[in-house]
Amino acid sequence: MSEVNITFPDNSVRTYGAGVSGMEIATDISKSLAKAAIAVRIDGELSDLSLPIESDAKLEILKRDNEEALEMIRHDTAHVMAEAVQKLFPGTQVTIGPNIENGFYYDFARNEPFGTEDLAVIEKEMRKIVERGDAFTREVWSRDEAIKFFKDKGEMYKAELIEDLPEEEEIKVYKQGEWLDLCRGPHMPSTRHVGGAFKLLKVAGAYWRGDSKKAMLTRIYGTAWRDDKELKAYLLQLEEAEKRDHRKLGAEMDLFHFQHEAQGSVFWHPKGFTIYNQMEQYIRRRLDNAGYQEVKTPMLIDNKLWEKSGHWGKFRENMFVVPDEVPSGEDDGPVLSDKAFEKLMALKPMNCPAHVQIFKQGITSYRDLPIRMAEFGCCHRNEAHGALHGLMRVRQMTQDDAHIFCREDQITDESVAFCELLRNVYTDLGFDDLVVKLALRPEVRAGDDDIWDRAEEGLRAALKQAGLDYEELPDEGAFYGPKIEYHLKDAIGRSWQCGTLQLDFVLPERLDAHYIGEDGGKHRPVMLHRAILGTLERFIGIMIENHAGKLPLWLAPVQCVVATITSDADAYGQKVFAALQEAGLRAELDIRNEKINYKVREHSHAKVPVMFVVGAREAEDGTVAIRRMDSKDQPVEPFEKAIELLANQCKPPY
RNA sequence: GCUGCUGUAGCUCAGUGGUAGAGCGCGUCAUUGGUAAUGACGAGGUCGGGAGUUCAAUUCUCCCCAGCAGCACCA
């Protein structure tokens, strides 16, 4: 019988008979290891403990405390859930059940969708299956056998999955007792290894293969951990994250609201609009300094321009269309005539075509390029109702938009400059952990490959020079050019695209923009569509969640509250308050007939960063007791000094 | 838009086939209190909208609307 040499992580080598399994090796080393083992890594690849090893290999025995264990626990839990569901709800078809961050889901096809109340029942059944502790055993089937088996069982989705697997792929199924599932593996030794630290979290609809034209399946989300302590910690983290929800904080802090008469559009309250204005002014300073010129263009534009720009063809279903007709003033009868649809206008969903119109006024020389045209453009997009989400996804939005008109040879420099500007802004605003993606040429595209090569290379060079790590997304670019996307995460880990840089060779062509080149002839400029924040709405939403409402001083709607302890200090409080205002700070004076405890509590809840508490002593000495959010310290300083210090700290980062 | 869940006072929520309750908030009065809730009293609700079943609907049924989660789409 031939032998295999097994090399362990500490470089020790043991020799076994060929075909030895990971479990046998673990048992050979120690009983306790065999008990704790959940999988092996053979030459870097995760594998089942039960599979025979036929040749020399590096081997690592994985236990529950390995990083990969969580992945396996979750995946195995998904299998257990699928079995439980099929047992409880016969006729339900299984489809796919991958791991996701912090958990897993499994999509099921069933005529009657699941409700939330089913989760507890399924969970109970799952615990029985775990308790039963059947071994996960692997089998390799022939393709035809597998397809026939699943079709006979009425598992049409599984059969479809197998049919679509590449020819060379082995068809593997994993059994746990009577139940089995098509699966690539690996799995832990038995269902008992799943443990008890799992919880089903929610049900939701999801399209088969992510295609809205295909069937809607029911997805069940769950989470699973090594032990109850980890599970509890995760559930607590979810709860904490919910408290940071910008919609909740927006209401509590009196920043903004939404109502059905204008769904998807923000009613900014004075405090919220203070944040908005500060952000806008900050970006304006940044843009001014970076050589941008600000413009303002119409919101309501004839659809003839949208036809020319291509939006009417490609973006119409996202637009709000308005008839260009004087509505009837009669109380009864139709408001609009039958002919109303003949003359249409649309609320702009983007600013680009309007910017091209400004570019086209007069004659532009190559010497004028690049032209960086900025607008805090108020755009409307007719988003699907289900897409709307607080400030993150709205129907009326203001972009910190700009279009850079330049020559092709300026693309790289302009892109680099933009990436650096964006990085500086994000750093100012406290985002260092952004995710950057580069969306590359899609199948259907305009422009020849040579231009695309240059465009993509230009963006890669820009990202490199800006020192940003990024992920490439093939096929995801816009039809007119590649784009860089900057993503930020909200409190519960949902990722939102904020900044973007898009190269466009198409729109200048469609709208016939040109400049006069060195050679005296007409040339097409290239357009760079770019936004740093993306939209003020979304970015402010992200800011609120990122800071849990405790915004940096320069953005805080109220920077300082002067709170008096007794009415004897009211006059002095007035004086300090006036001095704060004089220093340009956003201040409030609280001389209500309330106890200081009450005032401190209330302003703390309102997330006011600084309170100046004044009583008889302070009035006497000309001082203030400074109380900062989340701090029990109460240093006492002369009020002029305290204000000077605070004014310094309230300066915007740029 | 699709699937599921939810919709009671300004907010957070309880509750019932016989037209409603708590806490916070709000108002009035008293209280002048040293860093996260002073006390008393009071006002406030066509129980999301419409239809149906019923002697009677906030409660049961259906439709609509909105919100939430996810999917699809996207800044």
Side-chain angles (χ1 to χ4, degrees), chain A residues 100 105 107 110 112-119 201-221 242 245 247-248 251-252 254 257-261 263 315 317-318 349-350 377 379 381-395 397-401 483 485-488 492 494 496-500 502 529 531-539 541-542 563-570 591 593-606 611-618 625-634 636:
Chain A
I100 49 172
Y105 67 77
D107 285 347
R110 182 176 172 231
E112 185 111 350
F114 298 103
T116 320
E117 66 283 357
D118 296 323
L119 293 184
L201 297 175
K202 54 197 174 191
V203 291
Y207 296 109
W208 170 233
R209 302 209 143 168
D211 184 342
S212 60
K213 291 185 188 71
K214 293 196 161 81
M216 173 69 66
L217 310 170
T218 301
R219 175 171 297 178
I220 300 181
Y221 284 91
E242 265 175 48
D245 189 317
R247 294 164 300 186
K248 200 172 156 67
E252 281 172 14
D254 192 20
H257 84 270
F258 293 90
Q259 62 187 56
H260 357 291
E261 288 87 345
Q263 45 175 302
F315 208 72
E317 54 190 25
N318 286 294
M350 298 181 191
C379 295
R381 294 189 189 169
N382 203 338
E383 303 287 354
H385 289 80
L388 302 177
H389 184 93
L391 293 178
M392 305 299 197
R393 194 75 183 273
V394 291
R395 294 175 125 182
M397 70 203 84
T398 305
Q399 300 175 309
D400 62 326
D401 198 16
K483 64 174 176 173
E485 304 172 358
Y486 299 84
H487 294 255
L488 293 174
I492 61 168
R494 287 178 292 216
W496 300 92
Q497 187 183 321
C498 294
T500 183
Q502 307 177 10
H529 305 242
I532 299 175
L533 305 179
T535 65
L536 284 157
E537 288 81 3
R538 177 177 289 181
F539 207 93
I542 297 268
T564 52
I565 295 173
T566 69
S567 53
D568 293 341
D570 285 359
I591 52 173
N593 181 12
E594 295 291 350
K595 288 193 170 178
I596 193 62
N597 284 322
Y598 182 88
K599 294 184 184 181
V600 166
R601 183 184 147 87
E602 193 166 85
H603 298 303
S604 297
H605 279 307
M611 262 179 265
F612 285 175
V613 176
V614 295
R617 282 207 298 274
E618 288 76 12
I626 305 165
R627 184 186 166 112
R628 287 175 186 267
M629 191 163 25
D630 294 331
S631 167
K632 294 276 180 204
D633 280 3
Q634 28 188 298
V636 177

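Just so it is clear: chains get the letters A, B, ... in the order the sequence lines come, proteins before strands, and each one is counted from 1.
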A.B. asks: Apply salt bridge (charged side-chain N to carboxylate O under 4.0 Å, His left out) to residues A:D245 and A:R247 and explain how you reach the verdict.
C.D. replies: CA-CA 5 Å; A:D245 189 317; A:R247 294 164 300 186; 2.4 Å; yes
A.B. asks: Hey, does A:A616 reach any base, or is it just sugar-phosphate, or nothing, if we go heavy atoms under 4.0 Å?
C.D. replies: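 Base, at least one base heavy atom under 4.0 Å.
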A.B. asks: To the nearest Å, how far apart are A:H260 NE2 and B:rC65 P?
C.D. replies: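 Taking atom P of B:rC65 as the reference, NE2 of A:H260 is at 13 Å.
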A.B. asks: So, is A:Y598 close to the B:rG25 phosphate, meaning a side-chain N or O under 4.0 Å from OP1 or OP2?
C.D. replies: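 Indeed, a polar side-chain atom of A:Y598 lies that close.
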A.B. asks: Considering Watson-Crick and G-U wobble pairs with both distances under 3.5 Å, what does B:rC60 pair with?
C.D. replies: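 Across any shown strand, B:rC60 pairs with B:rG52.
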A.B. asks: Taking only N and O in the side chain of A:K248, is any of them less than 4.0 Å away from OP1 or OP2 of B:rC11?
C.D. replies: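 It does not, given that no N or O in the side chain of A:K248 lies less than 4.0 Å from OP1 or OP2 of B:rC11.
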A.B. asks: Have a look at A:V203 and say if it touches a base, only the backbone sugar-phosphate, or nothing, with a 4.0 Å heavy-atom cut-off.
C.D. replies: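 Answer is sugar-phosphate: A:V203 comes under 4.0 Å of backbone atoms only.
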A.B. asks: Mapping A:V600 and A:E537 to their closest nucleotides on RNA chain B, which lands nearer the 5' end?
C.D. replies: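 Final value for this comparison: A:V600.
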A.B. asks: To the closest 0.5 Å, what do you measure between OH (A:Y486) and SG (A:C498)?
C.D. replies: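 The OH atom of A:Y486 sits 12.0 Å away from the SG atom of A:C498.
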A.B. asks: Between A:R627 and A:V600, is any pair of side-chain heavy atoms under 4.5 Å apart?
C.D. replies: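 Sidechains of A:V600 and A:R627: in contact.
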A.B. asks: NA contact type, A:I596, heavy-atom cut-off 4.0 Å: base, sugar-phosphate, or nothing?
C.D. replies: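 Sugar-phosphate only.
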A.B. asks: Please report the closest heavy-atom contact between A:T564 and A:K599, naming both atoms and the distance.
C.D. replies: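 Closest approach of A:T564 to A:K599, heavy atoms only: O-NZ, 2.9 Å.
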A.B. asks: What about A:S212, does its side chain sit under 3.5 Å from the base of B:rA72 through a donor-acceptor pair?
C.D. replies: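 No, the side chain and the base share no sub-3.5 Å donor-acceptor pair.
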A.B. asks: With respect to the phosphate group of B:rA66, does any side-chain polar atom (N or O) of A:Q263 fall under 4.0 Å of OP1 or OP2?
C.D. replies: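 True: A:Q263 side-chain N/O within range (under 4.0 Å) of B:rA66 OP1/OP2.
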A.B. asks: Between B:rG34 and A:E618, counting only base atoms on the nucleotide and side-chain atoms on the residue, is there a donor-acceptor pair under 3.5 Å?
C.D. replies: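 Side chain to base: pair present.
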A.B. asks: Counting only side-chain N and O atoms of A:R395, is one of them less than 4.0 Å from OP1 or OP2 of B:rC74?
C.D. replies: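 For B:rC74, OP1/OP2 do not have a side-chain N/O of A:R395 under 4.0 Å.
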A.B. asks: Both distances below 3.5 Å, Watson-Crick or wobble geometry, any strand: find the nucleotide opposite B:rU12.
C.D. replies: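 B:rA22 is the nucleotide pairing with B:rU12.
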A.B. asks: Under 3.5 Å, is there an N or O donor on one side and an acceptor on the other linking the side chain of A:T218 and the base of B:rU3?
C.D. replies: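 Answer no: no donor N or O sits under 3.5 Å from an acceptor.
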A.B. asks: Examine B:rA36: is either OP1 or OP2 under 4.0 Å from a nitrogen or oxygen in the side chain of A:R627? Give yes or no.
C.D. replies: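 Checking A:R627 against B:rA36: at least one side-chain N or O falls below 4.0 Å of OP1 or OP2.
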A.B. asks: With sugar-phosphate meaning primed atoms plus P, OP1 and OP2, does A:S604 contact a base, only sugar-phosphate, or nothing at under 4.0 Å between heavy atoms?
C.D. replies: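 Base contact - A:S604 has a heavy atom under 4.0 Å of at least one base atom.
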A.B. asks: Would you say the base of B:rC68 and the side-chain of A:R247 have a donor-acceptor pair closer than 3.5 Å?
C.D. replies: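 Not at all, since no donor on one side and acceptor on the other fall under 3.5 Å apart.
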A.B. asks: Is the base of B:rA75 touched by the side chain of A:E383 through a donor-acceptor pair closer than 3.5 angstrom?
C.D. replies: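 Yes.
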A.B. asks: For a quick check of understanding: with a heavy-atom distance under 4.0 Å over all strands, which category does A:G210 fall into, base, sugar-phosphate or nothing?
C.D. replies: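 Result for A:G210 = sugar-phosphate.
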A.B. asks: Classify the nucleic acid contact of A:A563 as base, sugar-phosphate or nothing, counting any heavy atom under 4.0 Å across all strands shown.
C.D. replies: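 Counting heavy atoms under 4.0 Å across all strands, no contact is made by A:A563.
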A.B. asks: Which is true for A:Q634 with a 4.0 Å heavy-atom rule: it touches a base, it touches only sugar-phosphate, or it touches nothing?
C.D. replies: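 If one applies the 4.0 Å heavy-atom cut-off, A:Q634 turns out to touch a base.
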A.B. asks: Do you know which two heavy atoms are closest between A:T535 and A:D400, and how far apart they sit?
C.D. replies: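 In this case the closest contact between A:T535 and A:D400 is N-OD1, 4.5 Å.
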A.B. asks: Of the candidate nucleotides B:rC73, B:rA36, B:rC71, which contains the atom at the shortest distance from the side chain of A:R393?
C.D. replies: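 Closest nucleotide among those given: B:rC73.
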A.B. asks: Return whichever of A:E117 or A:M350 has its heavy-atom-nearest nucleotide of RNA chain B closer to the 5' end.
C.D. replies: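 With A:E117 and A:M350 compared, the 5'-side residue is A:E117.
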A.B. asks: Verify, without hydrogens or angle tests, whether A:R538 (side chain) and A:M392 (backbone) share a donor-acceptor contact under 3.5 angstrom.
C.D. replies: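 Yes, the answer is positive, given that a donor and an acceptor are paired below the 3.5 Å cut-off.
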A.B. asks: Between A:H605 and B:rC24, is there a side-chain N or O to OP1/OP2 distance below 4.0 Å?
C.D. replies: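 So the side chain of A:H605 is outside the cut-off, no N or O lying under 4.0 Å from OP1 or OP2 of B:rC24.
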A.B. asks: Find the distance A:D254:CG to B:rG25:C1' and express it as a whole number of Å.
C.D. replies: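 Going from CG in A:D254 over to C1' in B:rG25 covers 13 Å.
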A.B. asks: Do side-chain atoms of A:E537 reach the backbone of A:R393 as a donor and acceptor pair under 3.5 angstrom?
C.D. replies: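 Pair absent, no side-chain N/O of A:E537 close to backbone of A:R393.
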A.B. asks: OP1, OP2 of B:rA72 versus side-chain N and O of A:K214: anything below 4.0 Å?
C.D. replies: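 Indeed not, no polar side-chain atom of A:K214 lies that close.
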A.B. asks: Would you kindly give the CZ-to-C1' distance between A:R538 and B:rA75, to the nearest whole Å?
C.D. replies: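 The distance from CZ of A:R538 to C1' of B:rA75 comes to 4 Å, rounded to the nearest Å.
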A.B. asks: With heavy atoms under 4.0 Å as the rule, sort A:A384 into base, sugar-phosphate or nothing.
C.D. replies: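 If one applies the 4.0 Å heavy-atom cut-off, A:A384 turns out to touch a base.
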A.B. asks: So what does A:Y105 hit on the nucleic acid, given a heavy-atom distance under 4.0 Å: a base, only sugar-phosphate, or nothing?
C.D. replies: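 Result for A:Y105 = nothing.
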A.B. asks: Write down the distance between CD (A:E594) and P (B:rG27), rounded to a whole number of angstrom.
C.D. replies: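 Distance, rounded to whole Å: 10 Å.
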A.B. asks: Give A:R494 one of three labels, base, sugar-phosphate or nothing, depending on what nucleic acid heavy atoms sit under 4.0 Å from its own.
C.D. replies: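 Counting heavy atoms under 4.0 Å across all strands, the contact made by A:R494 is with sugar-phosphate only.
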